[in-house]
Asker: 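Below are the structure tokens for one structure; questions will follow.
Atom set for the values below is all heavy atoms of this structure, side chains included, hydrogens, waters and symmetry mates excluded. Computed from a prediction, not measured in an experiment: that's the story for all the values here. We name chains A, B, ... by the order of the sequence lines, and we start the count at 1 in each one.
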Protein chains: 2
Amino acid sequence: MPVSESVRESPATELSRLFPGVAFPAGCPSRVVLDHVTSKWGVLVLIALADRTLRWGELRRAVEGISEKMLAQTLKTFEADGLVTREALPVIPPHVEYSLTPLGNELVALLQPLLVWTARNAESMLAR
Amino acid sequence: MPVSESVRESPATELSRLFPGVAFPAGCPSRVVLDHVTSKWGVLVLIALADRTLRWGELRRAVEGISEKMLAQTLKTFEADGLVTREALPVIPPHVEYSLTPLGNELVALLQPLLVWTARNAESMLAR
DNA sequence: CAGAATCCTATACGATACTG
DNA sequence: CAGTATCGTATAGGATTCTG
């Protein structure tokens, strides 16, 4: 059944159509992006920026435990991916703001239900 | 506005209610579960098991590039978390089947849209 | 304030070999 | 077939210092 018939494909169906053989084969672009998002601090940085603009220092405090090195690295990756924008105001002392791009917002919208589920279930999952 | 009023909270709102201060503070149970899911092979193993039961060898082939060590480790973590069940048939040679628990199915249902989005956007994201 | 640069190390991970 | 055990290493990541 063609997609054009306005019958929406389920995500599961679409995935098996997008990957007829093995899903996310090694080295494919999807796997690279997935690695960026699921990198140690990726998800936490992204949701910290949900619906708001944060400065470097604020972001650092919002993502508890992140080092400066990893914050810089994670932000650069996301900037290159087109998920985050960096805006530097030419003042002294420096003032730099980070926020999500439209693409970043799309992604975060998909991440949020996942995080809600995690927050709801985490405690009982680790109980044993 | 109380949740009980049948007005559904948005995921964003619920997250800020669940985490009044910093989201996913260091060491909290949610962060641990998030680390399991976003571990190097976590997502790939979970979606490989979406809607089907796989044997060890099949799983290894379905998750291209995974080593035996990491497959074993990832599966044990998910078993302990209650996301995956392991069923060993007492035959020789051994026959072991892995599948998702109801909890695992919930999680994968949230993962799928994320993976569809990734597959759709990855190529253009890495273009530059 | 917002980073870059350096140094250092833990551990996550892979390769290989072995076994019930 | 479905793992475990051992070993070795690369690199992800942290701590610290420095600077425009």
Asker: Might you list the N or O atoms of the protein lying below 3.5 Å from N or O atoms in nucleotides 16-20 of chain D, with each pair's distance?
Answerer:
none

Asker: Other residues, nucleotides and ligands only: do more than 12 of their heavy atoms fall within 6.0 Å of CG on L89(B)?
Answerer: yes

Asker: Of H95(B) and S39(A), whose nearest nucleotide on DNA chain D comes first from the 5' end?
Answerer: H95(B)

Asker: Can you check the E79(A) CD to dA2(C) P distance for me, whole Å?
Answerer: 15 Å

Asker: State plainly whether the residues E64(A) and R31(B) are in salt-bridge range, i.e. N to O under 4.0 Å.
Answerer: no

Asker: Starting the side chain at C-beta, find the nucleotide from dG3(D), dA2(C), dA2(D) nearest to R55(B).
Answerer: dA2(D)

Asker: Provide, to the nearest angstrom, the distance between the CG atom belonging to L71(A) and the P atom belonging to dC1(C).
Answerer: 15 Å

Asker: For residues S10(B) and T13(B), is any side-chain donor paired with an opposing acceptor at under 3.5 Å?
Answerer: yes

Asker: Can you pull the ring-ring contact (aromatic ring centres under 6.0 Å, His included) pairs that have at least one residue in residues 50-97 of chain B, sequence neighbours excluded?
Answerer: none

Asker: How close or far is atom P of dA2(D) from atom CG of L59(B), stated in whole angstroms?
Answerer: 10 Å

Asker: How many angstroms lie between CG in L34(B) and CZ in F24(B), if you round to the nearest 0.5 Å?
Answerer: 6.0 Å

Asker: What's the CE-C1' distance between M70(B) and dA10(D), to the nearest Å?
Answerer: 14 Å

Asker: Counting just side-chain N and O atoms, does W41(B) come under 4.0 Å of either OP1 or OP2 of dG14(C)?
Answerer: yes

Asker: Please give, in whole Å, the distance from dT4(D) C1' to L75(B) CG?
Answerer: 14 Å

Asker: Measure from CG on D35(A) to P on dA12(D) and round the result to the nearest Å.
Answerer: 10 Å

Asker: One pair to check against salt bridge (Lys or Arg N to Asp or Glu O under 4.0 Å): R86(B) and E97(B). What are the steps and the verdict?
Answerer: CA-CA 6 Å; R86(B) 184 192 119 107; E97(B) 298 189 332; over 6 Å; no

Asker: Any idea which of dG3(D), dC1(D), dA4(C) is nearest the K76(A) side chain?
Answerer: dA4(C)

Asker: Can you tell me if T85(A) and S99(A) form a side-chain donor-acceptor pair at under 3.5 Å?
Answerer: yes

Asker: Round to a whole Å and report the spacing from CD1 of I92(B) to P of dT19(C).
Answerer: 17 Å

Asker: In whole Å, I'd like the distance from the NZ atom of K40(B) to the P atom of dT11(D).
Answerer: 10 Å

Asker: With a 4.0 Å limit, can you tell me whether Y98(A) has a side-chain N or O closer than that to the phosphate oxygens OP1/OP2 of dC1(C)?
Answerer: no

